[in-house]
Amino acid sequence: MPRPLIAPLLPFLLPLVLGLPAPAWAQPDGPAAAGHAPVQGSRALQQACQERLAPSSLVFEVQTSEVVIGQQLGLGELRGLMAVSPQDAVFGATEFTPQVQVEWSARAVTENATGMNCARISATIHLGIAPQTVHIAREIPLGSCPYQVVLDHEMGHVRINNAHMEQVAAMLNEQARAEFPARAWVGSAEEIKAAIRDELTGVWIPRVEVLLAAAGDLHAQHDAADRELDGLAECLDKKPALTAQKD
């Protein structure tokens, strides 16, 4: 019987989806303002920023992932999807694309004498997978013994994704609580807006990428430890007619 390669993954770090809405500025005593520059501002502005604005906050949240199960692809198509050799049989596969969405709003005070602003923000980075698609070869009859064996294995990959995403969010929330509350941005409206974007996408999103990449090892361990090959062999011994065939 051909060696089943169950659920090898597409590259895990696919392009991230970033949504950066324009910040909502709420200044305590004047017109709306925004901005950032690599300057500290006057001591009076720094003091006003510290005393009148709540600490900055950054929270990572995990969005529920939809799981779609289908049998649109046959054995040959799954081999092509996973880029394996013609001698290998791929009975199932799980596709998923990590997504990151960023939302933030800002509060600012302005120094009237200079027009310089100091801002702090509240930001949320949503982590998700949209969607997770489980493929089971269409040659495998729905509800059959081999179908259930393959489905159980693929759902193991889904569970790994969900659990790992929660772990990533927990680690990043710990880092954010330690580092982010003291963050403040000083400068013109446009300078602050650009600097906040730079920090969220240039500092924190790369941390997300590094931590998510570790999922590859977890999936490899699942493939190595799971007994799907034995389960399929038992199914095929009972129902020889269900032996997977090449396209």
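Just so you know, these numbers use all the heavy atoms, side chains as well, and skip hydrogens, waters and symmetry mates.
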Below 4.5 Å, heavy atoms only, C-beta onward: do Tyr147 and Gln71 meet side chain to side chain? yes
Restricting to salt bridge (charged side-chain N to carboxylate O under 4.0 Å, His left out), what partner residues turn up for Glu199, sequence neighbours left out? Arg183
Is there a side-chain contact between Gln175 and Leu58 (heavy atoms, below 4.5 Å)? no
Apply salt bridge (charged side-chain N to carboxylate O under 4.0 Å, His left out) to Arg159 and list each qualifying residue two or more places apart in sequence or on a separate chain. none
If you define the side chain from C-beta out and look only at heavy atoms, does anything of Phe91 sit under 4.5 Å from Leu75? yes
Going by the rule salt bridge (charged side-chain N to carboxylate O under 4.0 Å, His left out), which residues pair with Glu179 if we only count those two or more places apart in sequence or in a different chain? Arg207
In sequence, state the C-alpha distance, the side-chain angles, and the governing distance for Thr94 and Glu154, and then conclude on side chain to side chain donor-acceptor pair (under 3.5 Å). CA-CA 6 Å; Thr94 299; Glu154 298 306 323; 2.5 Å; yes
Any sub-3.5 Å donor-acceptor pair from Arg120's side-chain atoms to Ala184's backbone N or O? no
Kindly say whether His222 contributes a backbone atom to a donor-acceptor pair with the side chain of His153 at under 3.5 angstrom? no
More than 12 foreign heavy atoms under 6.0 Å from CD of Glu174: is that the case here? no
Does atom CD (Gln47) have a neighbourhood of more than 12 heavy atoms from anything else shown, all under 6.0 Å? no
Is there a side-chain contact between Gln99 and Gln63 in this structure, where contact means two heavy atoms from C-beta onward sitting under 4.5 Å apart? no
Under the 3.5 angstrom rule, does the side chain of Glu77 hit a backbone N or O of Gly74 as a donor-acceptor pair? yes
With side chains defined as the heavy atoms from C-beta onward, is the minimum distance between Cys118 and Glu111 less than 4.5 Å? no
Report the C-alpha separation of Asn162 and Glu166 in whole Å, then their side-chain angles, then the decisive distance to 0.1 Å, and conclude whether the side chain to side chain donor-acceptor pair (under 3.5 Å) test is met. CA-CA 6 Å; Asn162 293 341; Glu166 294 285 352; over 6 Å; no
Is there side-chain contact between Asn173 and Glu61, with heavy atoms separated by less than 4.5 Å? no
Side-chain heavy-atom pair Phe180, Ile121 within 4.5 angstrom cut-off: yes
Side chain to side chain, Val208 and Phe60, heavy atoms closer than 4.5 Å: yes
Distance, nearest 0.5 Å, that separates CD of Glu139 from CG of Leu78: 8.0 Å
